[in-house]
Amino acid sequence: MEDYMVSTIEKINKQEFQNDLLNWFKEEQRDLPWRKDQDPYKVWVSEIMLQQTRVDTVIPYFNRFIEKFPTIEALADADEESVLKAWEGLGYYSRVRNLQAAVREVKENYNSKVPNTPEEIKSLKGVGPYTAGAILSIAYGVPEPAVDGNVMRVFSRILTIWDDIAKASSRKVFEQAVRELISHDNPSFFNQALMELGALICTPTSPACLLCPVREHCQAFEEGVQNELPVKTKKKSMKHIELIAAVLKDQEGKYLIHKRPSDGLLANLWEFPNVEKSQLVKPKDILHDFLKKDFRVDIQLEKESLTTIPHVFSHLTWNIDVYSGEILGQVEQKEDLKLVTKEELTQYAFPVSHQKMWKAYQEMVRA
DNA sequence: CATCCGTGGGT
DNA sequence: TACCCAAGGAT
């Protein structure tokens with residue numbers, strides 16, 4: 001632990017801090033679907049969904065997911081296709097592929113019981129230090145830290161910790177602080193309360209210090225520096241990619257879709273055929289050659305693109321010029337290349353960018 | 001350790 | 001508008 005922190009953490013009256021935090025949480029905690037019981041599987045699913053994702057976004061996904069896959073066994077036995085479909089639109093799709101792989105391991109090697117030791121649970125795919133601590137504390141009452149962005153923000157203020165929370169190495173500083181202050185009577189509520197406080201009171205901008213249950217323990221408030229914390233360095237700017245895509249229909253009215261590779265961006269999701277734009281070659285010629293060379297498909301495109309779809313990811317942006325066209329002759333379908341009806345399209349998981357494309361295409365057709 | 005990996009909402 | 005952000009993990 002950093003030397004300067006030793007002095008700040010000693011200022012905390014541990015018992016009073018725990019009482020103030022826990023009493024506030026018992027009164028003010030939100031009524032969330034994953035708080036109805038402590039089923040380790042449901043806690044697990046909720047924690048994976050909540051990674052980098054807002055509570056309001058997760059709620060409907062969680063309810064649908066648990067209804068469709070209510071148990072470890074149900075998720076382990078499901079087709080990956082249907083699991084990805086249930087995650088469609090939630091983002092960070094490797095989360096759900098790792099979740100299903102981990103659930104299958106729990107079914108095979110742990111008799112379908114989520115393990116309850118740090119070593120075992122951290123060995124599961126997609127379960128890192130935060131999620132391990134969250135499941136252990138919330139589902140099993142084990143006093144392990146669950147340090148997420150909320151906890152780092154809250155503790156950086158309470159203890160005036162000036163480490164850069166954008167650096168991976170900072171997490172252990174906060175874990176150590178949590179280990180010293182966590183309630184051993186109720187680790188579950190302690191960890192959840194820290195996150196709830198970060199979400200409702202100790203917010204990134206304009207924290208509601210006058211409503212804060214632990215204001216009297218907060219050294220940043222005492223010094224008037226709560227708006228200077230946490231320290232977080234900025235990330236670098238994004239990359240821009242220009243794409244050309246085509247919604248292609250065959251003589252039977254079926255649409256051509258392609259399954260993306262099993263790694264990288266939007267892995268294993270379906271898409272309309274698309275290729276990166278070039279400065280040298282005309283868009284329609286690129287598309288025509290791409291469909292022929294990669295998929296052995298002959299096409300006839302409409303003259304002009306229907307629209308351009310802008311789509312912003314966390315680390316890059318796409319601008320997709322969308323064309324429509326017809327397929328000439330036959331298509332050799334494969335695992336990753338299919339012709340499907342408009343109705344069948346709804347069974348496949350698409351990234352939001354391609355959902356936008358499809359919507360724009362349909363509006364053009366209707367007009 | 002830095003980068004990759006989605007999306008929608010807030011300011 | 002252009003950022004910033006949200007219950008992170010894998011590589």
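So that the names make sense, note that chain A is the first sequence line, chain B the second, and so on, each numbered from 1. Just so we're clear, the structure is a prediction, and the values are computed from it rather than from any experiment.
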A.B. asks: Under 3.5 Å, which donor-acceptor pairs link side chains of residues 311-329 of chain A to any protein atom two or more places apart or in another chain?
C.D. replies:
unit_1 : atom_1 : unit_2 : atom_2 : d
A:H311 : ND1    : A:K356 : NZ     : 2.9
A:T317 : OG1    : A:H240 : ND1    : 2.7
A:D321 : OD1    : A:T308 : OG1    : 2.7
A:D321 : OD2    : A:K277 : NZ     : 2.8

A.B. asks: Give one of base, sugar-phosphate or nothing for A:R97, where a contact means two heavy atoms less than 4.0 Å apart.
C.D. replies: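 No contact.
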
A.B. asks: Between A:L50 (CG) and C:dG9 (P), how many Å, whole number?
C.D. replies: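 Roughly 12 Å, once rounded to whole Å.
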
A.B. asks: Report yes if some heavy atom in the side chain of A:P273 is under 4.5 Å from a heavy atom in the side chain of A:L256; otherwise report no.
C.D. replies: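 A:P273 vs A:L256: side chains touch.
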
A.B. asks: Using a 4.0 Å cut-off to any heavy atom of chain A, which nucleotides of DNA chain B are the first and last in contact, reading 5' to 3'?
C.D. replies: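 Taking any atom under 4.0 Å from a heavy atom of chain A, the span is B:dC1 to B:dG8.
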
A.B. asks: Using a 4.0 Å heavy-atom cut-off, does A:R35 contact any base of the nucleic acid, only the sugar-phosphate backbone, or nothing at all?
C.D. replies: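 Base contact.
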
A.B. asks: When the distance from NZ of A:K125 to C1' of C:dG9 is rounded to whole Å, what number comes out?
C.D. replies: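 That distance rounds to 13 Å.
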
A.B. asks: Could you tell me whether A:L32 contacts a base, only the sugar-phosphate backbone, or nothing, with contacts defined as non-hydrogen atoms closer than 4.0 Å?
C.D. replies: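 A:L32: base contact, heavy atoms under 4.0 Å.
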
A.B. asks: Could you tell me if the ring centre of A:W358 sits under 6.0 Å from that of A:Y255?
C.D. replies: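 Under 6.0 Å, so yes.
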
A.B. asks: Between A:R54 and A:Y92, which is nearer to the 5' end of DNA chain C once each is assigned its nearest nucleotide?
C.D. replies: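 Going by which nucleotide is closer to the 5' end, it is A:R54.
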
A.B. asks: For A:M49, run the side chain to side chain contact (heavy atoms under 4.5 Å, CB included) check against A:T57, A:V58, A:I59 and tell me which one passes.
C.D. replies: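 Among A:T57, A:V58, A:I59, the one that satisfies the side chain to side chain contact (heavy atoms under 4.5 Å, CB included) with A:M49 is A:V58.
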
A.B. asks: Name the nucleic acid region contacted by A:V312, choosing base, sugar-phosphate or nothing; use a 4.0 angstrom heavy-atom cut-off, strictly under.
C.D. replies: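 Contact class for A:V312: base.
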
A.B. asks: I'd like to know if A:K36 pairs up with A:D31 as an ion pair, taking the criterion as any Lys NZ or Arg NE/NH1/NH2 lying under 4.0 Å from an Asp or Glu carboxylate oxygen.
C.D. replies: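 Salt bridge flag = no for A:D31 with A:K36.
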
A.B. asks: Figure out the CD1/P separation between A:I135 and C:dG8, and round it to whole Å.
C.D. replies: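 Rounded to the whole Å, the gap is 13 Å.
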
A.B. asks: In whole Å, I'd like the distance from the CD1 atom of A:I165 to the P atom of C:dG8.
C.D. replies: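 In whole Å, C:dG8 P lies 11 Å from A:I165 CD1.
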
A.B. asks: Just checking A:G264: base, sugar-phosphate only, or nothing, at a heavy-atom cut-off of under 4.0 Å?
C.D. replies: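 Sugar-phosphate, backbone atoms only, no base.
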
A.B. asks: Flag this pair as yes if the NZ/CZ of A:R64 is under 6.0 angstrom from the six-membered ring centre of A:Y61 and inside a 45 degree cone about the axis; otherwise no.
C.D. replies: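 So A:R64 does make the cation-pi contact.
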
A.B. asks: Tell me the interatomic distance from A:L124, atom CG, to C:dG8, atom P, rounded to whole angstroms.
C.D. replies: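 Atom-to-atom, A:L124 to C:dG8, this comes out as 19 Å.
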
A.B. asks: For A:I48, answer base if it contacts any base atom (sugar-phosphate contacts may also be present), sugar-phosphate if it contacts only those atoms, and nothing otherwise; contact means non-hydrogen atoms under 4.0 Å.
C.D. replies: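 Here A:I48 touches no strand at all.
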
A.B. asks: Once you apply a heavy-atom cut-off of 4.0 Å, does A:T131 come out as touching a base, just sugar-phosphate, or nothing?
C.D. replies: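 Touches sugar-phosphate only.
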
A.B. asks: Kindly determine whether A:W87 and A:R97 satisfy side chain to side chain contact (heavy atoms under 4.5 Å, CB included), including the steps that lead there.
C.D. replies: CA-CA 10 Å; A:W87 208 268; A:R97 293 190 301 123; over 6 Å; no

A.B. asks: Atom NZ of A:K122 to atom C1' of C:dA10: distance rounded to whole Å?
C.D. replies: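 Rounding to the nearest Å, NZ of A:K122 and C1' of C:dA10 are 16 Å apart.
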
A.B. asks: How would you label the contact of A:S169 with the nucleic acid (heavy atoms, under 4.0 Å): base, sugar-phosphate, or nothing?
C.D. replies: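 Result for A:S169 = sugar-phosphate.
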
A.B. asks: At 4.0 Å (heavy atoms only), tell me whether A:S314 reaches a base, stays on the sugar-phosphate, or touches nothing.
C.D. replies: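 The answer is base, as A:S314 lies within the cut-off (heavy atoms under 4.0 Å) of a base atom.
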
